[in-house]
Amino acid sequence: MAPKVYIETVGCQMNVLDSELVAGSLKRAGYQLAADLATADVVLLNTCSVRQHAEDKIYSTLGKLRRWKAKGSGRIVGVLGCMAQKDRELIRQRAPHVDVICGPGQLARVVELIEEARRSGTPQIAVSLGRAEASRAEVADSFESYDPLREPAMRPNRFQAYVRTQFGCDKFCTYCIVPSVRGPEQSRPPEHILAEVRQLADQGCKEVTLTGQTVNSYKYVAGDGRIWRLSDLLYAIHDLSGIVRIKFITNFPRDMTQDLLEAVRTLPKVCRYLHVPAQSGCNEVLRRMKRLYTVEFYREMLARCRDTIPGVAISSDFIVGFCGETEECFQRTCKLVAEAGFKNSYIFKYSPRPGTKAYDLFADDVPEEVKRRRNNDLLAIQNRVSLSEHRRWIGRTVEVLVEGQSKLAHKRGAIHGDRVQLTGRTMTDHIVVFEGPLSLTGDIVPVYIEDASSFTLFGRRLGPESENAHRGLESQAASEKRSAVAARVG
Ligand code: SF4
């Protein structure tokens, strides 16, 4: 009988995508995907190193897996991803029952490593070179490109998928472990990306999200000397039939070029949504983070995004309690959040990571309770901003790509017949909840917005009559965008 593998994923969208790619290669090698631990022969943990909390959870899970492994013969435990790259020795010491340790640059070898661990009964380790161990080119080579077939069963749904544009990062923000564990920044060849999107479209995928640690710094010099930027990729993907929505995350503020903003404005399929982490509103903290921009630059960049793309929604990330962040510094961050009009912000407490410059150079001198208080304060400001940003949508009609039944039961009165509370997203990445049949999942439907909270828009699906009227408006807007495309391509 085919061995069954269970994959648990922690961390960012890169890991979600990596798990899908690993599942695809395991299925091709004859493995089946297990729905849970109880039925699995192989358990793989795809790990994250960005925060200590994530690592602590993995070690706790590995403790439980020691008992799971002891209960059946031939069971295999694997640790994949960033922790495997960063802490292979530590994992061996703390969890000697682990059979496979495989860094993110070696995932193409997962099948081979599992087979060898099963055959030989000895632990198998595959990691890439560390940044200081060899030249940039040698280190880059040791992070293998990985372009296997896509595995829809590993995605939350078949009509949305991540597509990688780059590996690694060269920015070296002082708090961040990513450049060490994911290696040098390398852009994938555009023909590989386009082939993957075509394959996804053939599988029924409607929305692709292009991912990269700094996706807007994508740059590839083709054999004919042509330089491909992210904007060029957007134009090329836009031409592929079947794909109706295109997003990209995450952007680096300094690389938000005008050609990219104009592509977002021009291309009807590209979502009017930008995620651009600011991290702090204080120049001194930004300098210590080595973010390579000032608050003034960031504000100017926001203004340029909004001038170029009318109606664009922008979200951000912030770290509170970074080394040396005084109350005054923090108040500057509060001011930025209060004024910038972000749709939402992801706010994190600073967590020192061994292997980063900040860990070596600066004292983690903001007490935990101060970090917690600043986190709550900043979140409260963002929630107020989000609520007023969301309320602007009341009385408007939006197009929602329906993702399925809402996991949260929102109190919105009685639900009728076979209807459920559906959730989906707009072209500006706003979450919308409305009532309808589950069969709408995967469709794009017009929804009239009636109410809003800090996190969600609530609406009513428009009936066929109003739907046609709405389509009229949408097609007029789309045709304006299309004329702009024709003008640019011509
Ligand atoms: S840009 Fe900075 S925060 Fe983002 S992955 Fe690179 S080093 Fe980390």
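In listed order, ligands and their atoms are each counted from 1.
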Would you mind telling me if ligand 1 is within reach of the side chain of [X], the backbone, both or neither, using heavy atoms under 4.0 Å?
X	value
Tyr175	side chain
Thr214	side chain
Pro179	side chain

ask   = Can Arg94 be said to sit on top of Tyr59's aromatic six-ring, NZ or CZ under 6.0 Å from centre and within 45° of the ring axis?
value =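 Checked: cation-pi criterion met.
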Determine, for [X] against [Y], whether the closest basic-nitrogen to carboxylate-oxygen distance falls under 4.0 angstrom.
X	Y	result
Arg373	Glu368	no
Asp307	Arg265	no
Arg332	Glu284	no

task = Go through ligand 1 atom by atom and flag the ones less than 4.0 Å from a non-hydrogen atom of Cys173.
result =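 Per the distance check, 1 (S), 2 (Fe), 3 (S), 7 (S).
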inquiry  = Using a distance threshold of 2.8 Å, state whether an N, O or S atom of Cys176 lies below it from atom 2 (Fe) of ligand 1.
reply    =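 No.
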ask   = Any chance CD of Glu327 has more than 12 other-residue heavy atoms, nucleotides or ligands included, within less than 6.0 Å?
value =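 Buried by this count: over 12 neighbours within 6.0 Å.
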key: Arg182 to ligand 1, any heavy atom closer than 4.0 Å   =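 For ligand 1, residue contact (heavy atoms, under 4.0 Å) with Arg182 is absent.
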key: Residue of the set Lys371, Arg374, Arg288 for which side-chain hydrogen bond (donor to acceptor under 3.5 Å, both in side chains) holds with Glu325   =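 When side-chain hydrogen bond (donor to acceptor under 3.5 Å, both in side chains) is applied between Glu325 and each of Lys371, Arg374, Arg288, only Arg374 qualifies.
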message = Distance check below 2.8 Å: does Cys169 bring an N, O or S atom to atom 6 (Fe) of ligand 1?
response =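 So Cys169 does bind atom 6 (Fe) of ligand 1 by this criterion.
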